[in-house]
A.B. asks: 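Questions regarding the structure given below will be posed in turn.
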Amino acid sequence: GPGVCPGGGGGTACIPSYGNYPAYMYIGSVNLETISNSTGQDYYTDYTSLVADVFIDGTYTISGTSAGYGYTMGYKIGFDWNGDATYESSEVYDLGVVGANASWSQSFTVPSNATTGTVRVRVMCASNQYGTGYSSMTDDLCGTFSYGEAEDYYINIQANSGCSGTPAPGLTAATVNPVGAGGSTLLSISNTPSGSDITYQWEFSTDNLIWQTASGETSATYSASPT
């Protein structure tokens, strides 16, 4: 298989080599924010024309499927957070062995010290044993393997601008009102704020003077049961 080094934004990255045609085991699809890519079989494909926007300190999920002739593969995903075109151990997620034609997913948080701008994300599957997962895929996501495939994408890392302004939730609505002791009602707000990084915390009071935090009630609705 090829051992090329693509350049462009996000740096020049070493590409792994594979000895056997990837029809046996390969990446079937990759999804990340606006990226939704059903992929074919090849040793390596540069999909860096596909870019997902992410923010510093934001949490996201990359997911996809495996494909091939029904064999398991080892999967790793690398994020070049510092933009140096290499993958250190701290930048790599090990998904372990993924079943044949199965789904996979990995959540990740963009580090606060990540380089802003476009950096590479590499999705890689590999095996040196016919259909039995991998035995020697290193965290640099390079090397020579018998089977597998690698794909590169871009993420555009943006600084978190932080929050501004004050949400205006409006009035509180109740599905049952009034509600007596032992009953229940679902509370909601009339104006659900838009935007990212919105958090909720419900409070309650028995006398409208002293308010207490409703433990665990951190969504836009609150199922209340007076006692």
Side-chain angles (χ1 to χ4, degrees), residues 3-16 26-40 42-66 73-96 98 103-126 137-143 148-167 192-200 218:
V4 298
C5 293
T12 300
C14 178
I15 302 304
Y26 61 97
I27 300 163
S29 64
V30 172
N31 304 289
L32 173 58
E33 293 297 289
T34 55
I35 296 174
S36 181
N37 193 31
S38 295
T39 67
D42 207 340
Y43 298 106
Y44 167 80
T45 307
D46 187 339
Y47 287 115
T48 55
S49 61
L50 304 176
V51 184
D53 290 332
V54 297
F55 290 87
I56 295 287
D57 296 326
T59 299
Y60 305 89
T61 298
I62 183 170
S63 62
T65 56
S66 64
M73 292 292 292
Y75 271 76
K76 288 190 176 184
I77 302 173
F79 296 86
D80 186 17
W81 296 127
N82 58 10
D84 66 353
T86 62
Y87 299 99
E88 290 82 33
S89 296
S90 60
E91 298 177 317
V92 175
Y93 290 88
D94 188 345
L95 278 65
V98 176
S103 298
W104 52 264
S105 67
Q106 177 65 56
S107 63
F108 64 93
T109 299
V110 181
S112 58
N113 62 347
T115 299
T116 56
T118 53
V119 300
R120 288 183 184 271
V121 176
R122 174 163 297 172
V123 180
M124 180 175 171
C125 64
M137 196 196 314
T138 55
D139 281 348
D140 62 4
L141 302 188
C142 207
E149 184 184 21
E151 297 178 355
D152 279 356
Y153 297 85
Y154 273 167
I155 54 175
N156 179 32
I157 301 177
Q158 303 177 51
N160 194 332
S161 60
C163 298
S164 61
T166 302
T192 301
S194 60
S196 60
D197 298 324
I198 301 293
T199 60
Y200 299 88
T218 56

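Index from 1, following the sequence.
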A.B. asks: Answer yes or no: is there a side-chain heavy-atom contact under 4.5 Å between Tyr87 and Val121?
C.D. replies: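 No, every pair of side-chain atoms sits at 4.5 Å or beyond.
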A.B. asks: Any donor-acceptor pair under 3.5 Å linking the side-chain atoms of Ser29 with those of Ser38?
C.D. replies: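 No, no side-chain donor-acceptor contact under 3.5 Å.
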A.B. asks: side-chain contact (heavy atoms from CB on, under 4.5 Å) for Tyr47 and Val30? Distances and angles first, verdict last.
C.D. replies: CA-CA 10 Å; Tyr47 287 115; Val30 172; over 6 Å; no
A.B. asks: Stepwise, does the side-chain contact (heavy atoms from CB on, under 4.5 Å) test hold for Tyr153 with Ile35?
C.D. replies: CA-CA 9 Å; Tyr153 297 85; Ile35 296 174; 4.1 Å; yes
A.B. asks: Are Asn31 and Ser36 linked by a side-chain donor-acceptor pair shorter than 3.5 Å?
C.D. replies: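 Yes, because at least one side-chain N or O of Asn31 sits under 3.5 Å from a partner of the opposite role on Ser36.
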A.B. asks: Measuring from atom CE of Met73 to atom CD1 of Ile27, what distance do you get when rounded to the nearest 0.5 angstrom?
C.D. replies: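 Rounded to the nearest 0.5 Å, the CE-CD1 separation comes to 8.5 Å.
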A.B. asks: Just checking, any donor-acceptor pair under 3.5 angstrom between side chains of Thr39 and Asn37?
C.D. replies: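 Absent: no donor and acceptor within the cut-off.
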A.B. asks: When you compare the side chain of Asp46 with that of Tyr44, does any pair of heavy atoms fall below 4.5 Å?
C.D. replies: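 Result yes, sub-4.5 Å side-chain heavy-atom pair found.
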A.B. asks: Check the angle between the aromatic planes of Phe108 and Phe79 and answer parallel, tilted or perpendicular using the 30° and 60° thresholds.
C.D. replies: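 Phe108 vs Phe79 ring planes: tilted.
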A.B. asks: Evaluate the side-chain proximity of Val110 to Ile155: yes if any heavy-atom separation is below 4.5 Å, no if none is.
C.D. replies: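 Ile155 vs Val110: side chains apart.
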A.B. asks: Does some side-chain heavy atom of Trp81 sit less than 4.5 Å from a side-chain heavy atom of Ile157?
C.D. replies: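 A side-chain contact under 4.5 Å exists here.
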A.B. asks: Answer yes when Arg120 and Asp152 have at least one side-chain N-carboxylate O distance shorter than 4.0 Å, and no when they do not.
C.D. replies: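 Result for this pair is yes, salt bridge flagged.
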A.B. asks: Quick one, Asp53 and Glu33 - any side-chain contact, counting heavy atoms below 4.5 Å?
C.D. replies: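 Sidechains of Glu33 and Asp53: no contact.
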